[in-house]
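Below is one structure, written out as structure tokens, with a few remarks after it.
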Amino acid sequence: MDILPEMTHKIKILLDGLIHIRHNPTRHMIYDQTDPKSIEEYAQRAVGRSLREAVGTDCITYKTPGKGGFGQILEEMYFGIKPGNRPEPDFLAAGVELKSFPVKRLKNGKLVAKERVSLGMIDYGAVVDEEWETSTLLKKNKLIQFVVYLHEEGRNYCDMKIVAAKLWKPSEEDLKIIADDWSAIVEKIRSGGAHELSEGDTLYLGAVTKAQNSREMRTQPFGPSAKRRAFSLKQSYVNQILGQLLGKEVTDAESVIHGKADYSQGRTFEDIVKARFEPYIGMTVEQVHERVGQDLNPKAKDYFAAVARRIMGARSRRVKEFEKAGIIMKTVRLRANGTPKEAMSFPAFKFKGLVQEIWDESALKSTLESRFFFVAWQYDEAGQLRLRNVKFWNMPVADLEGEVKKTWEDTRNRILAGRADDLPKSTESEICHVRPHGMNAADTDETPGGRRLPKQAFWLNVSYIKDVLQNQMW
DNA sequence: GCATGATCATGC
DNA sequence: GCATGATCATGC
């Protein structure tokens with residue numbers, strides 16, 4: 001009885017193969033769909049070429065600029081498969097999932113991921129009954145054949161150059177973090193919070209909203225209806241994968257986690273980081289400095305951040321796991337009464353750049369969607385600065401999509417109206433404001449109206465940081 | 001003590 | 001040389 005669907009499937013694969021051959025008269029090699037190595041070798045034949053060059057002259061763009069276009073051509077015309085959205089890997093017998101993603105070239109020549117990589121829709125109803133080890137997500141994505149292409153504006157998918165193709169699976173350390181991310185997402189759905197999911201909740205694996213006009217809602221088993229979401233590898237993590245695929249893994253960022261031993265007793269990455277700080281809590285900065293190495297300059301403006309990185313076990317400014325997860329570390333000094341001494345700055349924006357952005361793809365939204373790691377130092381009554389506590393945090397969606405979005409739009413509108421010298425102040429919003437952020441007053445940027453004004457940046461208000469730390473930190 | 005403007009040390 | 005995170009300076 002089970003034989004019929006099985007046969008139908010086999011016949012379908014055979015037919016697809018025949019169609020494939022018809023579409024690919026110039027193809028030199030028929031690969032073995034049951035062998036990962038063969039799939040990889042076949043994929044690598046396309047590197048350095050466009051799909052049109054790889055499949056012959058009859059490359060057809062199914063969807064002009066839209067997501068899925070490249071992946072669909074790759075599957076159907078190059079690999080000759082038509083997997084659709086099945087819960088199993090695309091190459092079932094080989095256990096290999098085929099994934100492609102675009103990269104873009106920065107002004108400095110570096111290639112970076114253009115977006116996150118989606119790993120399949122979240123079925124709110126079904127996922128709550130799953131375990132990680134046997135989850136749909138893991139089953140489908142254990143081993144991935146990546147195909148990376150260079151995205152160039154205005155170019156047809158058939159003509160974008162393929163820059164890398166490799167079989168890939170996460171390292172054991174990374175897989176552990178991904179498993180914890182999966183659990184955090186599923187736990188939130190189990191407690192009826194699918195509508196409150198946020199990318200900032202997790203490190204490498206995110207729950208990203210699908211469909212731009214997200215009026216389309218899905219039911220969740222234990223809460224109100226929620227936006228459709230897919231599991232995805234976050235952009236910052238995809239950038240690390242890209243480094244591996246290109247054989248240019250970033251080596252100057254330091255790893256904080258050293259092997260599986262760190263993960264004893266079910267600890268998560270965040271538990272481990274927090275545990276590193278615990279022995280130092282309450283110590284003065286001098287005492288901490290003495291214990292983690294004395295060669296730091298106490299006058300440097302990143303002195304407290306440098307000490308914090310030393311506590312984690314990193315000597316350089318870059319912490320690998322933080323980079324992979326896009327976590328932003330921020331050090332905060334608090335007065336004895338708990339008020340932060342300073343507002344929190346973010347990178348300066350360009351007037352002309354900001355007015356061209358739309359909110360959903362803005363630099364500010366992307367930054368504030370990140371997970372943050374706060375390291376808080378506090379002055380005691382004697383004026384001694386002591387390590388107070390640390391905390392991972394991400395901004396509530398209501399704040400981001402409410403007040404922050406409003407301030408951002410206000411800023412944009414004022415620049416457009418020729419009021420770039422009169423941007424939202426900290427008294428105008430509960431959460432953030434705009435302030436100069438350059439080398440000095442002479443460090444300027446040109447407005448759309450042609451004026452030169454000191455470079456500006458968004459800052460989180462002192463009062464907001466205070467609330468975040470007091471209400472949500474300890 | 002707060003709001004806002006200005007600046008500095010670092011690292012790439 | 002410049003971007004960045006963080007802090008300093010000033011005026012009220």
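From a predicted model like this one, the values you see are computed outputs, not experimental measurements. Each chain gets a letter, A, B and so on, in the order the sequences are listed, and its residues count up from 1.
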>> If you go through the side-chain atoms of A:Thr427, does one of them form a donor-acceptor pair with the base of B:dA3 closer than 3.5 Å?
In response: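 Checked by distance alone, the answer is no.
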> Taking the six-membered ring for Trp, are A:His289 and A:Tyr303 parallel (under 30°), tilted (30 to 60°) or perpendicular (over 60°)?
Replying inline: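 Taking A:Tyr303 first and then A:His289, their aromatic rings stand perpendicular (interplane angle over 60°).
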> When you match A:Pro436 and A:Thr339 each to their closest nucleotide on DNA chain B, which lands nearer the 5' end?
Replying inline: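 The answer here is A:Thr339.
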>> Between A:Lys455 and A:Lys330, which residue's closest nucleotide on DNA chain C lies nearer the 5′ terminus?
In response: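 Its nearest nucleotide lies further toward 5', so the answer is A:Lys455.
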Can you tell me the distance, in whole Å, between the [atom1] atom of [X] and the [atom2] atom of [N]?
X        : N      : atom1 : atom2 : value
A:Trp459 : C:dG5  : CH2   : P     : 10 Å
A:Leu453 : B:dA6  : CG    : P     : 11 Å
A:Arg435 : C:dT4  : CZ    : P     : 17 Å
A:Asp443 : C:dT4  : CG    : P     : 11 Å
A:Asp445 : C:dC2  : CG    : P     : 13 Å
A:Arg309 : B:dT10 : CZ    : C1'   : 10 Å

Indicate, with a heavy-atom threshold strictly under 4.0 Å, whether [X] touches base, sugar-phosphate, or nothing.
X        : value
A:Ala343 : base
A:His433 : nothing
A:Ser426 : sugar-phosphate
A:Phe304 : sugar-phosphate

>> Under the ring-ring contact (aromatic ring centres under 6.0 Å, His included) test against A:Phe322, which residue among A:Tyr237, A:Phe372, A:Phe373 passes?
In response: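 Option passing the ring-ring contact (aromatic ring centres under 6.0 Å, His included) with A:Phe322: A:Phe373.
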OP1, OP2 of [N] versus side-chain N and O of [X]: anything below 4.0 Å?
X        : N     : result
A:Thr331 : C:dT7 : no
A:Lys341 : C:dT7 : no
A:Arg333 : C:dC8 : yes

>> Taking the ring centre of each residue, are A:Trp459 and A:Phe346 less than 6.0 Å apart?
In response: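 Distance test on ring centres: not under 6.0 Å, no.
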> Is the A:Phe70-A:Phe101 ring centre distance short of 6.0 angstrom?
Replying inline: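 Aromatic pair excluded; centres sit 6.0 Å or further apart.
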